[in-house]
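Below is one structure, written out as structure tokens; the observations come after it.
By convention in this document, chain letters (A, B, ...) are assigned in the order of the sequence lines, proteins followed by strands, and residues within each chain are numbered from 1. Here the structure is a predicted model, which is why all the values come from computation and not from measurement.
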There are 2 protein chains.
Amino acid sequence: MDSQEIRSRKRHRGKGRVTLADVARQAGVAPITVSRALNTPGRVSAEVKERVDAAVEALGYVPNLIAGGLAAAGTRVIPVIVPSLAILTFIEVIDAIQKRLEAAGYQMLLATTDWDLDREASLVDTVLGYSPSGVILTGLRHRPRVISRLRDWGRPVVEIMEVGDDPIDMNVGVDGVALGHAMASHLLEQGYRRIAFVGSHLGHDYRAAQRLEGHQRALEEAGAACGGVLEYHEPASYEVGVRALEDVMAMTPRPDAIHCSNDIVASGVLLAASRQGIRIPEELAVGGYLGLPLAEHLTPKLTTLAVARSEMGTQAAELLLERLSGKTPERPIRDLGFTLVKGGST
Amino acid sequence: MDSQEIRSRKRHRGKGRVTLADVARQAGVAPITVSRALNTPGRVSAEVKERVDAAVEALGYVPNLIAGGLAAAGTRVIPVIVPSLAILTFIEVIDAIQKRLEAAGYQMLLATTDWDLDREASLVDTVLGYSPSGVILTGLRHRPRVISRLRDWGRPVVEIMEVGDDPIDMNVGVDGVALGHAMASHLLEQGYRRIAFVGSHLGHDYRAAQRLEGHQRALEEAGAACGGVLEYHEPASYEVGVRALEDVMAMTPRPDAIHCSNDIVASGVLLAASRQGIRIPEELAVGGYLGLPLAEHLTPKLTTLAVARSEMGTQAAELLLERLSGKTPERPIRDLGFTLVKGGST
DNA sequence: CTGTTAGCGCGTTCAC
DNA sequence: GTGAACGCGCTAACAG
């Protein structure tokens with residue numbers, strides 16, 4: 001009898017959504033066969049596949065990924081955890097990740113830590129509650145709990161932005177100390193002697209602090225005096241650059257170059273200098289990082305260390321997808337390096 | 001000591017995750033009681049609540065939101081669907097949405113349509129498969145299927161960026177035609193007579209096309225001749241601005257002002273002009289939209305129509321959250337308006 | 001290649 | 001205030 005069926009439908013407010021069982025009924029097969037026709041088409045006969053496809057079309061069936069996730073554990077969701085969205089740096093990476101994942105039928109769940117590792121830890125707990133297929137997170141420094149949980153978890157994890165020997169699982173990024181060292185060396189080679197470092201949010205953004213470390217190491221190696229470190233306790237912005245220029249011009253002796261912790265700050269310096277008629281690089285040289293699109297439109301062009309951010313995102317997504325498809329990616333730890341883009345600002 | 005107990009399930013590989021049942025056992029109550037202690041603490045005795053909390057703490061229990069979602073329908077996920085992440089415009093809005101949602105314990109699922117309404121439609125299908133608690137999407141134009149599905153769906157939906165009379169559910173944005181009209185009027189008031197419109201991606205970005213419509217309407221009303229429309233079939237970028245300046249300077253008769261479809265393009269124009277020594281606004285006036293942070297750091301400052309993008313994101317999230325908490329928000333359709341920020345560029 | 005059976009972890013009945 | 005069933009929609013395991 002079908003009185004039972006009718007009853008079981010309206011138990012929870014039915015929402016009227018078409019389910020896999022409806023499709024099965026329409027196609028005259030068992031639910032599991034529909035599932036297979038949809039997920040592993042190779043395992044059903046062509047004829048059944050066709051009937052199922054027709055039924056799906058006719059009923060407008062859309063899979064309930066939540067149910068699938070519960071049953072199979074794995075929801076085709078990839079949480080991406082970054083410090084902030086207000087920083088241009090992360091946007092291109094995220095954009096690339098998202099494009100690649102979406103093309104493969106995965107959805108990106110975006111969460112931000114606001115540079116707080118404790119928040120990161122609790123976010124990791126939360127997102128694991130979604131039975132995601134994998135996780136992408138920023139940097140290599142995390143609370144021990146995060147590391148052990150993700151290690152035990154058994155699904156792919158990619159750490160981005162920074163590289164190191166011992167990631168949780170896989171890793172794509174650049175060496176922050178090397179970045180700082182390279183820019184300082186460049187400035188020294190160009191003959192600048194009093195090089196100030198302008199840092200933003202160094203206490204929170206430890207990757208910016210790594211660049212400072214590289215900077216100082218390069219100065220020491222060259223036997224150069226430290227031109228000073230200006231630290232601003234807020235996220236990078238053009239405004240920070242504006243203030244930094246002001247502060248640097250007021251220093252005695254005055255630095256002849258400034259090494260900015262990123263392109264946004266460096267751009268702020270350049271824009272302010274142009275407004276104030278300070279000649280770059282004669283009076284002051286300026287170097288930045290990351291190769292933001294803006295850098296090459298400034299006058300003079302900003303000398304910067306370009307990092308392939310889109311590439312980083314794409315590769316992170318691809319490492320993840322490869323693992324999800326059962327393969328073992330080669331080179332699961334990837335240092336993407338950087339390129340010095342010499343502009344007129346140094 | 002107590003850790004090996006978890007092995008009891010063998011059917012599906014247990015993954016060792018702590019479940020509500022584990023907590024119940026530890027606390028000596030039924031699973032449902034744990035559920036209540038966690039979700040509706042008012043309905044259990046203080047003593048039980050305490051025991052449950054202790055057990056949760058001891059076992060490190062993290063709720064499986066997927067299971068909760070299946071049972072109750074509603075996963076505390078809010079999909080946010082935007083055209084692209086490569087456009088700064090959307091970033092601040094998304095950032096604000098994300099912050100507000102995360103603070104309320106919801107996660108943002110980010111998806112991009114690449115300006116394609118068919119893609120949007122299929123994305124909506126997909127994300128509804130996650131049993132989300134609500135949906136935020138961009139603009140008011142959608143495929144009929146999207147509109148009917150979301151209308152029937154019965155959960156909160158907010159459309160952002162654009163405003164109109166008849167949203168699917170709730171709506172926060174600005175009037176695109178009014179924006180275009182206001183900037184053109186401003187330029188006319190300043191005495192400019194040959195005003196060119198520079199558009200980017202107009203075929204895809206119909207909201208930019210609305211600004212053009214407002215522009216043309218203003219010119220007509222003033223009886224001014226059309227200074228031409230330059231259209232670039234690619235997303236907005238500084239580069240588009242650079243090319244636009246070139247193209248405008250080659251026009252005869254030459255426009256005395258350009259009205260850019262957004263600040264990124266306008267900034268590109270200003271930066272290129274500064275490089276080439278073209279005097280702004282004497283030789284050419286430039287106006288843009290949105291009030292990007294960069295606008296006020298340029299020389300001269302860019303005249304722009306500032307739109308409160310963060311505010312838009314926050315309000316969208318808040319409308320959603322209000323409805324999720326059972327209230328009926330007042331003013332579910334909100335026009336946020338805009339402000340003319342007069343810079344030196346006009 | 002297809003069907004049967006038995007849950008995934010939780011919240012909603014409706015009893016007590 | 002608390003508990004026992006039951007099912008949300010789907011898929012892994014094993015048949016046949």
For this session: Using whole Å, report how far CD1 of I66(A) lies from P of dC10(C).
Result: 14 Å
For this session: Tell me, please, which residues at least two apart from D53(A) pass side-chain hydrogen bond (donor to acceptor under 3.5 Å, both in side chains).
Result: K49(A)
Problem set entry | Interatomic distance, L20(B) CG vs dG3(D) C1' [rounded to whole Å] | 13 Å
Exercise. Can you list, by residue number, the residues of residues 29-49 of chain B that have a non-hydrogen atom closer than 4.0 angstrom to DNA chain C?
Worked result: I32(B), S35(B), N39(B)
Exercise. Hey, are Y206(B) and E162(B) close enough side-chain-wise for a donor-acceptor pair under 3.5 Å?
Worked result: yes
Exercise. Got a sec, which residues hit side chain to side chain contact (heavy atoms under 4.5 Å, CB included) with S325(B), two or more places apart in sequence or on another chain?
Worked result: K327(B)
Problem set entry | Rounded distance (Å) that lies between atom P of dC1(C) and atom CZ of R51(A) | 15 Å
For this session: Check the distance between dG7(C)'s P and L70(B)'s CG and give it to me in whole angstrom.
Result: 17 Å
Exercise. In whole angstrom, what separates D22(A)'s CG from dC10(D)'s C1'?
Worked result: 13 Å
Exercise. Residues in ring pair (Phe, Tyr, Trp, His ring centres under 6.0 Å) with H204(B), at least two apart?
Worked result: H201(B)
Problem set entry | Spacing between L128(A) atom CG and dC8(C) atom P, to the nearest angstrom | 20 Å
Problem set entry | Length of the CG-C1' vector between L65(B) and dG9(C), whole Å | 11 Å
Exercise. Excluding sequence neighbours, so at least two apart, what forms side-chain hydrogen bond (donor to acceptor under 3.5 Å, both in side chains) with E47(A)?
Worked result: R51(A)
For this session: Could I get the full list of side-chain hydrogen bond (donor to acceptor under 3.5 Å, both in side chains) partners for E311(A), not counting sequence neighbours?
Result: Q315(A)
Seminar exercise, completed: Sorted by chain and number, sequence neighbours left out, side-chain hydrogen bond (donor to acceptor under 3.5 Å, both in side chains) with R207(B) holds for none
Problem set entry | Separation of atom CG in N64(A) from atom C1' in dG9(D), rounded to whole Å | 6 Å
Problem set entry | Terminal axis angle for the helix from dC1(C)-dG16(D) to dC16(C)-dG1(D), five pairs an end, nearest 10 degrees | 30°
Exercise. Between R155(B) and V135(B), is any pair of side-chain heavy atoms under 4.5 Å apart?
Worked result: no
Problem set entry | Distance test, side-chain N/O of Y130(A) to OP1/OP2 of dG9(C), below 4.0 Å | no
Side-chain donor-acceptor contacts of residues 104-113 of chain A below 3.5 Å, not counting sequence neighbours, with atom names and distances?
residue: T112(A); atom: OG1; partner: Q98(B); partner atom: OE1; Å: 2.8
residue: T113(A); atom: OG1; partner: W115(A); partner atom: N; Å: 3.0

